[in-house]
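Just so it is clear, the values below take in all heavy atoms, side chains as well, and ignore hydrogens, waters and symmetry mates. Since the structure is predicted, the reported quantities are computational estimates derived from the model, not experimental observations.
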Amino acid sequence: MTALSYLSPFEHWAISVQLIVYFIFSSIKELALDWQQRKFDNDINNLPAKRGPKEGDFKDCKWKDLSVGDIIYIRKDEIVPADVVVLDTSEGRHKKWICWADTVSIDGKSQLRRKEALSLT
């Protein structure tokens with residue numbers, strides 16, 4: 001109704017100013033959220049990981065240096081850098097190589113997921 005000049009109680013410039021102010025504040029809010037997400041992603045990508053064994057030992061690297069197919073060593077209560085296939089666990093044969101992983105950093109759901117080591121390994 002405000003777009004029709006003969007029905008609107010406001011001037012056209014007043015409506016334009018309201019829209020411009022709204023878009024400016026919305027843009028600033030989105031920019032702040034994007035900046036926070038970028039900072040969080042940068043902090044996560046620089047966390048340490050152990051990759052290997054290409055030359056016999058596991059080497060220290062950062063998460064951002066990992067690629068698909070890398071074998072990584074994960075200790076108890078460590079944050080997992082990606083969705084992984086479990087090859088082995090410290091629980092051994094008596095517990096069927098089962099471990100539990102919280103996948104909140106991967107899919108946003110904060111619940112423990114059961115991961116079972118491949119029987120081929």
Side-chain angles (χ1 to χ4, degrees):
M1 290 297 221
T2 57
L4 302 174
S5 61
Y6 57 89
L7 294 177
S8 175
F10 303 109
E11 297 291 329
H12 287 291
W13 64 267
I15 297 168
S16 299
V17 168
Q18 290 174 1
L19 285 174
I20 290 170
V21 168
Y22 171 77
F23 286 129
I24 288 172
F25 280 113
S26 294
S27 299
I28 290 171
K29 182 186 108 181
E30 290 298 321
L31 185 65
L33 290 174
D34 286 346
W35 182 79
Q36 285 177 339
Q37 185 64 43
R38 181 183 170 116
K39 185 178 180 315
F40 175 76
D41 288 344
N42 193 30
D43 291 344
I44 292 294
N45 287 334
N46 285 313
L47 288 175
K50 289 205 176 273
R51 174 178 53 189
K54 291 184 180 176
E55 298 167 3
D57 291 335
F58 284 91
K59 305 280 184 193
D60 291 329
C61 69
K62 295 182 180 182
W63 283 10
K64 65 183 176 183
D65 299 327
L66 294 175
S67 59
V68 175
D70 283 345
I71 296 174
I72 57 174
Y73 182 78
I74 303 168
R75 292 188 192 108
K76 182 178 180 181
D77 296 330
E78 224 176 30
I79 298 173
V80 179
D83 197 7
V84 297
V85 175
V86 178
L87 299 177
D88 194 12
T89 68
S90 62
E91 296 300 324
R93 296 184 189 278
H94 63 283
K95 293 199 177 180
K96 297 184 180 179
W97 295 280
I98 295 172
C99 67
W100 296 89
D102 186 4
T103 60
V104 69
S105 63
I106 297 170
D107 59 12
K109 297 177 183 174
S110 182
Q111 62 186 21
L112 290 177
R113 303 260 171 112
R114 178 184 163 149
K115 297 278 187 176
E116 190 171 334
L118 295 174
S119 61
L120 299 173
T121 60

Under 3.5 Å donor-acceptor pairs involving side-chain atoms of residues 35-45, not counting sequence neighbours:
from: Gln37; atom 1: NE2; to: Asp41; atom 2: OD1; distance (Å): 2.9
from: Asn42; atom 1: OD1; to: Asn46; atom 2: ND2; distance (Å): 3.1
from: Asn45; atom 1: ND2; to: Asp41; atom 2: O; distance (Å): 3.2

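Residues Asp70 and Asp65 share a closest heavy-atom pair of OD2-O, 4.3 Å. Residues Trp63 and Pro48 approach most closely at NE1-O, 3.4 Å, considering heavy atoms.
Lys62 pairs by the side chain to side chain donor-acceptor pair (under 3.5 Å) definition with nothing, not counting sequence neighbours. The salt bridge (Lys or Arg N to Asp or Glu O under 4.0 Å) search around Lys29 returns none, not counting sequence neighbours. The salt bridge (Lys or Arg N to Asp or Glu O under 4.0 Å) search around Lys50 returns Asp60, not counting sequence neighbours. In this structure Asp34 satisfies the salt bridge (Lys or Arg N to Asp or Glu O under 4.0 Å) test with no other residue, sequence neighbours excluded. By the side-chain contact (heavy atoms from CB on, under 4.5 Å) test, Val21 is found to be paired with Val17, Phe25, residues two or more places apart in sequence or in another chain being considered. Residues satisfying the side-chain contact (heavy atoms from CB on, under 4.5 Å) test with Ile20, not counting sequence neighbours, are Ile24.
Here Val68 is tied to no hydrophobic group at all, with no ILVMFWY side chain closer than 4.5 Å.
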